[in-house]
Amino acid sequence: MDARMREERLEIGGIPVLIRGEAAEKAFLMIHGQGGCKEECRNFSELAASRSWQTAALDLPGHGERRGERGGLVPWNAVPELERVTRWARGRWASVALRAVSIGAWLGMLVCAGEKLSGALFISPLLDMAGLIRRMMQRAGVSEERLRRERIIRTATGEELSWPYYEYARCHPARVCCRPCEILHAERDALTDLATVEKFAAASGGRVTVMEKGEHWFHTPEQTAFMHRWEERALARLEVLS
């Protein structure tokens, strides 16, 4: 990691944002996944800077500098915040693209479907949140009727099922937000299956890359090396197609 890379820290409406790279006309808005933080941008920002992109990464509710905030990471709070940051980014850079991970990809799609972005890189995107919640309900033996009645149910495995969250997910499915779109999927992703990814890619004109034996969370040395090679290729294609 290049510790000399220029960094700027600021807040947009109370949301911590980390900007990396020399001044440029284009930037990636980076949205992390569950348990992540804005500092995860550092490796990608170096690769992006080599192609004259800056990166702007934020902390989602309850993450990074915002740990301990009440409310946690729920979409009805996160989406308005992301809309605010996206408007700010569109005003600062001539060209804005999106790099988002897991739940961050779903949230980013909800925000950016109406925006004219320069492209998107999605890593392990959650493309069917309502379906994921239904599978969690099935594993726990919880029916829709019971969840509607009780509103919040804590399962034996410690998972929390929320009727408001399920309703929101059903009303806000993942949407095609921009083209070109590059998607990195893991063969052993337990949260989103390949059929769902391929269906979304067909609708979005996206390109799917699958890592054999990979997992939803790209975290081992082998997985992160694969992801970084994919990012290099995806960035090159983005420049050609955008």
Side-chain angles (χ1 to χ4, degrees), residues 28-37 40-41 43-45 47-48 51 53 55 57 60 63 73 75 78 82 97-113 117-136 138-139 159 169-170 172-242:
F28 272 93
L29 179 61
M30 299 186 62
I31 309 175
H32 62 75
Q34 184 76 39
C37 65
E40 292 178 0
C41 76
N43 287 334
F44 178 76
S45 67
L47 177 60
R51 293 182 176 273
W53 290 83
T55 56
L60 289 170
H63 290 68
L73 179 52
L82 289 171
L98 178 64
R99 180 192 180 275
V101 181
S102 188
I103 192 172
W106 175 52
L107 297 171
M109 290 178 206
L110 299 184
V111 170
C112 296
L117 300 185
S118 300
L121 276 60
F122 293 135
I123 299 167
S124 299
L126 293 184
L127 298 174
D128 184 9
M129 180 60 78
L132 175 60
I133 296 172
R134 280 193 295 271
R135 292 194 296 276
M136 293 169 61
Q138 290 167 0
R139 288 197 301 269
E159 296 175 321
R170 288 198 301 182
H172 298 85
R175 298 180 290 183
V176 177
C177 66
C178 56
R179 295 180 175 88
C181 174
E182 298 281 344
I183 302 171
L184 178 59
H185 178 71
E187 182 183 32
R188 296 177 178 173
D189 191 324
L191 303 184
T192 304
D193 59 47
L194 181 57
T196 300
V197 173
E198 290 179 333
K199 181 179 179 181
F200 178 85
S204 65
R207 182 195 297 261
V208 180
T209 299
V210 179
M211 180 181 180
E212 294 183 0
K213 301 180 181 179
E215 302 168 280
H216 181 80
W217 177 31
F218 284 75
H219 65 289
T220 69
E222 180 184 7
Q223 291 166 358
T224 55
F226 187 97
M227 179 178 67
H228 294 157
R229 291 193 298 271
W230 170 80
E231 288 171 334
E232 289 178 347
R233 295 191 300 271
L235 271 174
R237 285 193 290 262
L238 186 65
E239 291 189 344
V240 170
L241 296 173
S242 60

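All values reported here derive from a predicted model rather than from experimental measurement. Scope of the values below: all heavy atoms of this structure, side chains included, with no hydrogens, waters or symmetry mates.
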All ring-ring contact (aromatic ring centres under 6.0 Å, His included) counterparts of [X], not counting sequence neighbours:
X: His63; value: His32
X: His185; value: none
X: Phe44; value: Phe28

In the structure I gave you, are the side-chain heavy atoms of [X] and [Y] within less than 4.5 Å of one another anywhere?
X: Phe218; Y: Leu184; result: yes
X: Asp189; Y: Leu194; result: no
X: Pro125; Y: Met109; result: yes

Looking at [X] and [Y], what are the two nearest heavy atoms and their distance?
X: Val210; Y: Ala186; answer: CG1-C, 4.5 Å
X: Ala201; Y: Ile183; answer: CB-CD1, 4.3 Å
X: Ile133; Y: Ala169; answer: CD1-CB, 4.2 Å
X: Val197; Y: Leu127; answer: CA-CD1, 3.7 Å

Return the [atom1] to [atom2] distance between [X] and [Y], rounded to the nearest 0.5 Å.
X: Ser45; Y: Glu40; atom1: OG; atom2: CD; result: 12.0 Å
X: Met30; Y: Leu121; atom1: CE; atom2: CG; result: 9.5 Å
X: Leu98; Y: Cys181; atom1: CG; atom2: SG; result: 9.0 Å
X: Phe122; Y: Ser204; atom1: CZ; atom2: OG; result: 8.0 Å

[X]: salt bridge (Lys or Arg N to Asp or Glu O under 4.0 Å) partners, not counting sequence neighbours:
X: Arg175; value: none
X: Glu159; value: Arg139
X: Arg51; value: Glu239

Considering only distance and modelled atom types, tabulate donor-acceptor pairs under 3.5 Å from the side chains of residues 224-235, sequence neighbours left out.
from, atom 1, to, atom 2, distance (Å)
Thr224, OG1, Thr220, O, 3.0
Thr224, OG1, Pro221, O, 3.1
His228, ND1, Thr224, O, 3.3
Glu231, OE2, Arg99, NE, 3.0
Glu231, OE2, Arg99, NH2, 2.7

**OP:** Determine which pairs satisfy side chain to side chain donor-acceptor pair (under 3.5 Å) with at least one residue from residues 120-134, sequence neighbours left out, and list them in order.
**Re:** Arg134-Tyr166

Residues in side-chain hydrogen bond (donor to acceptor under 3.5 Å, both in side chains) contact with [X], at least two apart in sequence or another chain:
X: Thr196; result: Asp193
X: Thr192; result: none
X: Glu215; result: Gln223

Show me the donor-acceptor pairs, under 3.5 Å and distance only, between side chains in residues 100-108 and residues at least two apart or in other chains.
from, atom 1, to, atom 2, distance (Å)
Ser102, OG, His216, NE2, 2.7
Trp106, NE1, His172, O, 2.9

